[in-house]
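Report on one structure; see the data block that follows.
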Amino acid sequence: MAFADSWIVVPVFAPLTAALLAFLVRRASFFISLAAACLSLLAVAVLVNRFLVNGPAAYAVGGWDPPLGICLRTDGPALIMLVLTAVAGVGISLYAKGYFTLRIERPSRVGRPERQERFFWPLWMLQLTGLNGLYLSGDIFNLYVTLEVIGVSAAALAALSGKSASLIAALRYLLVSLLGSMSYLLGVVFVYKTYGVLDLGLLQAAAAPAPGVIAAMALMSVGLLLKTAIFPMHFWLPPAHANALAPVSAILSGLVVKGSFFLLFRLWFDIFSPVLPAAAFNLMGSLGAGAIIWGGVQVLRQQRLKLLIAYSTVSQLGYLVIAFPLAFAGGSSQAWSAVLFMASGHACAKIAMFMSAGTIMLHAGHDRIRDLAGIRAYLPVTAFAYAAAGVNLIGLPPSGGFIAKWMLLITALAGHQWLWAVVLLAGSFLATAYVFRVVAQLFVIPPDKPVITRRRAGLLEWPALIMALLSLLLGLMAPYPLRLLEAGQIVRTAMTMGGGP
Amino acid sequence: MTTILYSVTGLLLFVFGLFALIVCPHPLRKILGGNVMSAGIFLFLVAASYRADTGEIDAVPQAMVLTGIVVSVCITAVALVLSTRLQQAADQGARRRRKRRREEDAGE
Amino acid sequence: MKMLLTGFDLLLALTLLWLAWQLLRSTDIFKAIIFFICFGLLMSLAWVRMHAPDVALAEAAIGTGLTGPLFLAALRRIERKAGKNMMSEPAGNGEETGSRWKARNREMSPLLWTVTALTCCLAGLLIWTVLIIPRPLPGLADQVAGSLAESGVNNPVTAVLLNFRGYDTLLEVMVLLLGAITVWSITHAPFPPRVPDTSPVQKAAVRLLLPLICLIGGYLVWQGAYQTGGAFQGGAVLSAALVLLLISDFLWLPGMRSLPLRLGLTLGPLVFVLLAGFGILVEKTLLRLPVEYAGPLLLFLEAACGLSIGLTLAAFFAGGRPASDLRETPYSGEAKGKGPAES
Amino acid sequence: MTIPEIIGLACIAAGIPFFLSGTIGMLRFPDIFTRLHALTKADNVGLGFLIIGLCLQTDDWFIVIKLVLIWVLVLTASSASCHLVARRALQKGIRPWTRE
Amino acid sequence: MIHVAVALFLLLTVVLGMIRIVYGPTVADRMMAAQLFGTSGLAILLVLAWGMDMPELIDIALTFSLLATLATMTFVRRVWYEEGKSDDS
């Protein structure tokens with residue numbers, strides 16, 4: 001294998017080494033982490049154009065071929081998520097630097113912001129390692145280990161803020177993630193017992209309906225649904241995301257939830273799609289519908305901004321899952337690629353929203369929505385970023401969310417599934433309600449209270465704006481990522497009876 | 001015979017651990033349930049690939065179980081330290097509230 | 001002979017299940033922890049019965065040897081802070097020691113009934129699935145045996161762990177380091193006040209056992225290449241030595257500087273990453289070791305990983321970062337200065 | 001079955017009652033101190049007989065050294081811990097059982 | 001053949017000893033029961049080493065001997081102690 005082939009390894013190893021060095025050399029931890037984030041962005045760029053040139057690639061780690069060794073694979077969906085993680089990684093690292101410098105100047109407890117920053121960087125780098133490892137890995141047990149890396153580092157990041165509310169949320173998050181990985185592991189054991197092979201490619205070839213596979217898929221899906229906080233099992237997400245530090249909430253809502261969802265997506269559409277009955281897809285659809293409706297209603301009842309955004313994550317995740325029956329019944333690969341498009345759009349928007357919420361909280365000192373009147377006066381860029389991210393959540397035309405919802409609606413109407421179409425539209429109405437409720441506070445209501453003086457926070461506002469504009473840009477240049485998804489079809493043709501768009 | 005026995009025991013241990021993790025209120029007992037659950041899964045994994053008649057040993061499940069044991073001890077340790085810190089934070093809160101109430105009584 | 005072995009298995013399986021059930025039902029948390037320690041002991045016997053000596057050693061060293069003391073230390077920290085010293089024994093033979101979270105008498109509320117019913121039918125479903133799965137496929141035993149020669153070690157489990165699936169083990173060592181970083185990020189090591197004079201018997205026993213434990217740990221790490229043993233089991237035994245030092249107050253953790261500890265913690269993963277990079281440079285594939293040097297390289301890797309695993313597990317037992325590291329003091333109004341520079 | 005193996009089996013058979021006595025003692029005795037006494041019986045004598053029996057049944061000297069090392073280790077470690085527990089029990093105010 | 005019978009008998013004594021954990025009045029009784037099971041487990045391992053002719057079990061028995069004492073010493077020094085009182089007061 002040529003030396004140039006080793007680019008596939010860089011997205012996992014750059015953050016890994018950065019985590020080690022950041023834990024050792026604490027003073028330079030920001031620069032090491034930023035360098036690693038940029039390096040993995042570069043590596044992902046190289047991987048994307050190599051993928052467009054000569055299609056999916058596989059890389060046997062340690063030189064041992066799949067049945068024995070582990071191999072890393074790049075295909076369409078994996079690359080979309082890798083690009084998303086790399087871009088979000090650079091954005092969140094910049095925002096975190098600004099966030100911590102501001103907190104260190106005005107600490108609530110002397111020494112606490114230093115502790116938080118010193119331990120944020122190694123944990124954040126390990127989180128990136130786990131995410132990139134999950135997207136690249138082609139071995140079902142290795143996916144379990146990456147899930148654990150993501151779960152433990154997410155719980156550690158959630159517990160970083162030290163308040164007792166966030167400690168309780170972090171402990172519950174850790175136990176839920178333990179429960180999820182254990183049931184996923186039991187699914188892996190059933191797969192190994194029925195097929196005797198761990199590699200995803202070989203499993204895909206050997207996928208035949210057997211009782212063991214149904215049990216394995218049920219256990220794995222329940223575990224991953226628990227970790228992705230889909231409707232009935234979302235109780236742990238709002239407190240964990242709302243009580244964490246601002247950059248940590250952005251990481252949790254934007255990237256961590258997408259990691260376990262991507263694994264669910266790969267299992268359902270890539271590996272075991274011929275094995276699963278139609279009823280299973282409809283069950284997933286109903287879970288998604290429940291998440292959209294129930295989450296949307298809950299969002300309207302929240303009084304705190306960060307809790308509002310956390311509950312909106314619960315409702316938006318419903319969109320990702322409601323696409324399962326559409327993609328299966330509709331037959332066209334449109335709904336299927338819309339899922340990942342929606343995931344990346346939602347990630348950028350949610351990261352921008354949590355960043356702006358963090359900036360508002362730093363300046364206003366609280367995040368009660370009722371008292372946030374007139375933030376526009378002294379934080380214009382942040383308010384605009386929040387509004388732009390809201391546009392993507394609602395799904396108004398220029399944004400990526402619009403493209404994804406449009407493709408889902410078309411598939412639903414083509415497949416005559418009126419129920420899912422109605423739920424999709426209802427979700428958009430609920431999203432409009434809760435976005436404009438906050439935007440009204442930020443923009444429209446004239447500030448009647450004294451304006452807070454301190455404004456200079458350069459590194460805090462621009463990353464939020466960039467991520468919000470990215471989610472809008474995603475809609476404008478939709479064909480490129482969609483071409484990436486279409487080019488990467490390994491098995492989709494087998495699954496989709498109808499032709500592509 | 002031993003394969004069936006240990007597989008069934010492993011699954012029952014998984015279910016016991018699951019029940020404990022969901023039902024018991026004390027954080028320590030939840031973590032104990034988590035450990036019993038992972039022990040059950042590993043027992044089932046090795047039992048699934050143990051063939052008493054041919055007697056040869058499949059090394060891959062053993063490597064998986066080793067990785068699983070190390071990962072589960074790491075999660076247990078983190079959960080224990082978290083629940084200790086949680087208890088400490090709760091006590092500090094209680095002590096502060098008691099002090100404030102005492103000041104209010106002294107104030108009246 | 002067969003009859004006796006199946007009898008042994010049956011008794012072992014039933015005791016395991018009884019212990020797990022007692023673990024749930026016992027009202028007192030301390031009793032549950034002791035049941036958990038016995039559960040770990042019997043699990044090691046179960047692994048032995050299934051011809052998996054490596055796993056038995058790991059379960060004994062990590063599952064019982066370290067998790068038991070972890071739980072005991074955590075219980076004391078939680079109960080002591082709960083303002084009720086549950087361990088205090090009245091004169092005479094003492095009576096049942098309840099704990100702060102006295103498990104309320106299990107009145108079977110309807111919710112509890114549904115949860116029990118659901119878990120029972122889950123168990124039935126799983127067991128039914130297991131019973132109808134046909135003969136298990138051969139698995140990967142022959143591939144492992146086939147390429148054992150080039151792996152540089154002749155213990156199949158270590159070969160799979162370090163060479164064939166080395167990427168898994170690298171991520172797993174990172175999970176351990178992640179656990180250590182998390183424990184350090186949450187609190188300082190909660191240490192009981194130093195006891196004026198520890199009992200001479202304790203000191204003599206620890207002084208006698210310590211070299212022996214380190215010897216056994218090193219022996220297990222070295223032996224990993226040939227028989228049962230390896231970085232994890234050896235590391236766990238080394239951590240037992242460190243825990244003994246921590247207990248008998250030879251090592252006074254609050255006084256330790258954090259940099260050497262951090263170096264020790266990251267030694268194993270660092271060597272692993274360097275080896276992976278070395279694999280790319282020399283063999284143009286990640287983690288691929290040249291066949292003739294595979295043996296010694298793996299041994300060096302195991303030694304480094306064993307050392308850092310020992311330190312990590314001892315850091316888990318200590319339960320936090322050294323006291324001198326990143327102190328946090330309540331904000332005193334006008335103190336605008338930067339936080340005290342940590343060591 | 002050579003002579004040393006027979007003697008070995010006899011030694012193992014001789015060690016078993018001590019383990020039984022350890023357990024029965026732990027169940028029957030009235031207080032912690034007498035139970036400690038019964039418990040260490042199982043360690044040193046029961047295990048000692050067992051190890052002598054097993055040593056006789058093997059011809060590899062390395063295994064014999066390991067077995068003796070195990071026995072010495074168990075002796076020192078369990079006696080030290082029993083002393084510590086007894087000392088702590090006294091300190092905690094648990095009075096030994098007296099026949100009144 | 002004899003070895004497996006001895007192992008079974010020792011396992012019976014371990015199971016018998018569990019009653020002490022259930023009813024053990026003081027905390028120390030339970031801990032000492034765990035200590036006894038450490039030694040009996042070690043004995044079972046040694047006998048099984050000959051019964052199933054797996055010489056690796058002797059290394060496991062070696063680790064067992066350390067771990068039972070580790071748990072007991074942690075119990076004495078970190079669980080069952082009172083603040084400030086020295087060991088030999």
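Side-chain atoms are counted along with the backbone in the values below, which use heavy atoms only and exclude waters and symmetry mates. Labels below follow one simple rule: chain letters A, B, ... track the order of the sequence lines, proteins then strands, and each chain is numbered from 1.
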What distance separates E:I44 CD1 from E:L11 CG, expressed to the nearest 0.5 Å? 4.5 Å
Should the pair C:F36 and C:F39 be assigned to parallel (<30°), tilted (30 to 60°) or perpendicular (>60°) ring geometry? parallel
Name the region of C:L14, side chain, backbone, both or neither, that has any atom closer than 4.5 Å to a heavy atom of chain E. neither
Heavy-atom pairs under 4.5 Å with chain E: which of C:S44, C:A61, C:G217, C:G65 has the most? C:G65
Heavy-atom contact with chain E under 4.5 Å, split by part of C:Q233: neither
Applying a strict 4.5 Å limit to non-hydrogen atoms, the region of C:A241 in contact with chain E is neither
Spacing of E:M31 atom CE and E:M73 atom CE [to the nearest 0.5 Å]: 11.5 Å
With respect to chain E, which residue among C:I247, C:L19, C:V243 yields the maximal number of heavy-atom pairs within a distance under 4.5 Å? C:I247
For chain E, the option from C:L11, C:V237, C:I37 that forms the most heavy-atom pairs under 4.5 Å: C:L11
Counting heavy-atom pairs under 4.5 Å with chain E, which one of C:L72, C:I213, C:L212 comes out on top? C:L72
In terms of heavy-atom pairs under 4.5 Å with chain C, the winner among E:L66, E:T72, E:I60 is E:I60
Atom pair CG (C:L75) and CZ (C:F30), whose distance is rounded to the nearest 0.5 Å: 7.5 Å
Bottom line for C:I33: the part with an atom under 4.5 Å from chain E's heavy atoms is neither
Pick whichever of C:L244, C:T64, C:L41, C:T15 has the most heavy-atom pairs under 4.5 Å with chain E. C:L41
In terms of heavy-atom proximity below 4.5 Å to chain C, should E:F37 be classed as side chain, backbone, both, or neither? both
Let's test your reading of the structure: which of C:V206, C:L209, C:L4 forms the most heavy-atom pairs below 4.5 Å with chain E? C:L4
Sub-3.5 Å donor-acceptor pair from the side chain of C:T158 to the main-chain atoms of C:N154, do we have one? no
How many angstroms lie between CG in C:L245 and CG in C:L210, if you round to the nearest 0.5 Å? 4.5 Å
CD1 of E:I58 to CG of E:L48: how many Å apart, nearest 0.5 Å? 12.0 Å
If you apply the rule side chain to side chain donor-acceptor pair (under 3.5 Å), what do you find for E:D29 with E:T26, and how did you get there? CA-CA 6 Å; E:D29 293 316; E:T26 62; 2.6 Å; yes
